[in-house]
Number of protein chains: 2
Amino acid sequence: MSVKERKERERAERERLIVRTARELAEQQGWDAVTTRRLAERIEYSQPVLYSHFRGKREIIGAVALEGATELAVGVRAATSGANSRRERVAALARAYLDFAEHNPAVYDALFQLDGGLSYAQEDTPEPLKDAFAALLETLAEVAGDGVDPGPFTETFWAALHGLATLTRAGRLPPEYAEHRVELLVDRLAMV
Amino acid sequence: MSVKERKERERAERERLIVRTARELAEQQGWDAVTTRRLAERIEYSQPVLYSHFRGKREIIGAVALEGATELAVGVRAATSGANSRRERVAALARAYLDFAEHNPAVYDALFQLDGGLSYAQEDTPEPLKDAFAALLETLAEVAGDGVDPGPFTETFWAALHGLATLTRAGRLPPEYAEHRVELLVDRLAMV
DNA sequence: TCACTTGCCTAGCAACGCTAGGATAGATTC
DNA sequence: GAATCTATCCTAGCGTTGCTAGGCAAGTGA
């Protein structure tokens, strides 16, 4: 049975290779450059191999998104755990979120801009996505304010961060006041 | 010379037809369905005719975006002009913005999600885009708060609205608390 | 009437996502 | 050790995309 196990291991390894390569390619040249042909060439297999691991390009994007969600959650928790006041925690959360979006634009797109075939905000939502939201909720719940439901409050704060992240990166917002905008968000939205 | 004038008129008319048709098709079936072939068929001309008006598909998206920017500005100004208090004006602005995004998803995408080849937040930014931002600024400047630059404040508020609009429509936010989220944004961000 | 310009269409290119079907290499059986 | 069977992977190709070259025909001016 060890032959079968070895093959399964190799197969899993190749799947990780596909996701990693897709991510690298997307970060280097954008998702438009991630074609099935180019991706296949980079992993040194033929195109149809991709389809033995994923239903299609969409599912590959989804796999990158899930990887990103896990990292985002880790990043946010790491940033907030080092802060001592509620105000500092919220600011750290905002900066960690925007940093992630800035330094991993392709992954961020896979998560929140592109169609990766994932379901959001539902029962069958994949665990990494739920957990990323939970990471935000943990810090934001304590600054929602009296009588304000932490869920919708987190959603609103998150939406604001998402707007800043996407509009800034798309060149729709001038970069000079970036820090000022974050301060505004933290000081006004959070009840600290 | 009247022959030449007639031809110019007809040409301008056909250009409007292209933009209008692209917009209709995009609203009906999404931008993915707006292929040059389908678009050409709908306007009852051949594909290359499109390229005698626009450099490519991107520029057609850009044209739809500019049309949308004008309408968005009109909508926001109409909504705010009917409100009597600062609080009401900001709330009306937020609702008008989100209504526009909800009822014209394809146009909204052309404006803020897709690449229409337009430049934003710069000197050479097309007038309709500048004016749409100005429409937001007019109402939001009066609630920025003491010592807060209205520009970055408007940018921040806008980003929050944009986040709500896109995440809601993409199914990333549950629809049930939509109104609650708007209230939060208005009550907290604006100094009313 | 003839030349010329203008405007449009047919046909085709390279690249896309995805798939059918055949070849080959390895495991299993006798 | 030879034969068969299975699983794995590749070649080739389909239909579609954005975009363009080249030719035809209708209308303009001499």
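Note on naming: letters A, B, ... go to the chains in the order of the sequence lines (proteins, then strands), and numbering restarts at 1 for each one. Computed from a predicted structure; not experimentally measured.
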Length of the OH-C1' vector between B:Tyr45 and C:dC8, whole Å: 9 Å
Atom pair distance, as rounded to whole Å: CH2 in B:Trp31 and P in D:dT17: 15 Å
Separation of D:dC19 C1' from B:Ile60 CD1 (nearest whole Å): 12 Å
salt_bridge(A:Glu123, A:Lys130) N-O dist < 4.0 Å: no
Sugar-phosphate, base or nothing in reach of B:Ser46, heavy atoms under 4.0 Å: base
A:Tyr51 OH to C:dC16 P, straight-line distance once rounded to whole Å: 11 Å
Polar pair under 3.5 Å, donor/acceptor by atom type, side chain B:Gln47, base C:dC9: no
Atom of A:Gly116, atom of A:Ile61 and distance for their closest heavy-atom approach: CA-CG2, 4.1 Å
side-chain contact (heavy atoms from CB on, under 4.5 Å) involving A:Tyr45 - partner list, sequence neighbours excluded: A:Arg14, A:Ile43, A:Val49
B:Ile61 CD1 to D:dC19 P, straight-line distance once rounded to whole Å: 9 Å
Rounded distance (Å) that lies between atom C1' of D:dG18 and atom CZ of B:Arg38: 13 Å
Sugar-phosphate only, base, or nothing, as touched by A:Arg11 at under 4.0 Å among non-hydrogen atoms: nothing
Among C:dG12, C:dC9, C:dG17, the one nearest B:Arg37 by side-chain distance: C:dG12
Atom-to-atom span, CD1 of A:Ile43 to C1' of D:dT8 - whole angstrom: 14 Å
Residue B:Lys7, side-chain heavy atoms: nucleotide from C:dT19, D:dC19, C:dG7 that is nearest: C:dG7
Touch class at under 4.0 angstrom, heavy-atom based, for A:Arg14 against every strand present: sugar-phosphate
Set of residues satisfying ring pair (Phe, Tyr, Trp, His ring centres under 6.0 Å) with respect to B:Tyr108, sequence neighbours excluded: B:Tyr97, B:Phe112, B:His162
Touch class at under 4.0 angstrom, heavy-atom based, for B:Arg58 against every strand present: nothing
SB check B:Glu102 B:Arg95 (cutoff 4.0 Å): no
Atom pair distance, as rounded to whole Å: NZ in A:Lys57 and P in D:dT17: 16 Å
From C:dC8, D:dC19, D:dC9, nucleotide with atom closest to B:Thr36 side chain: D:dC19
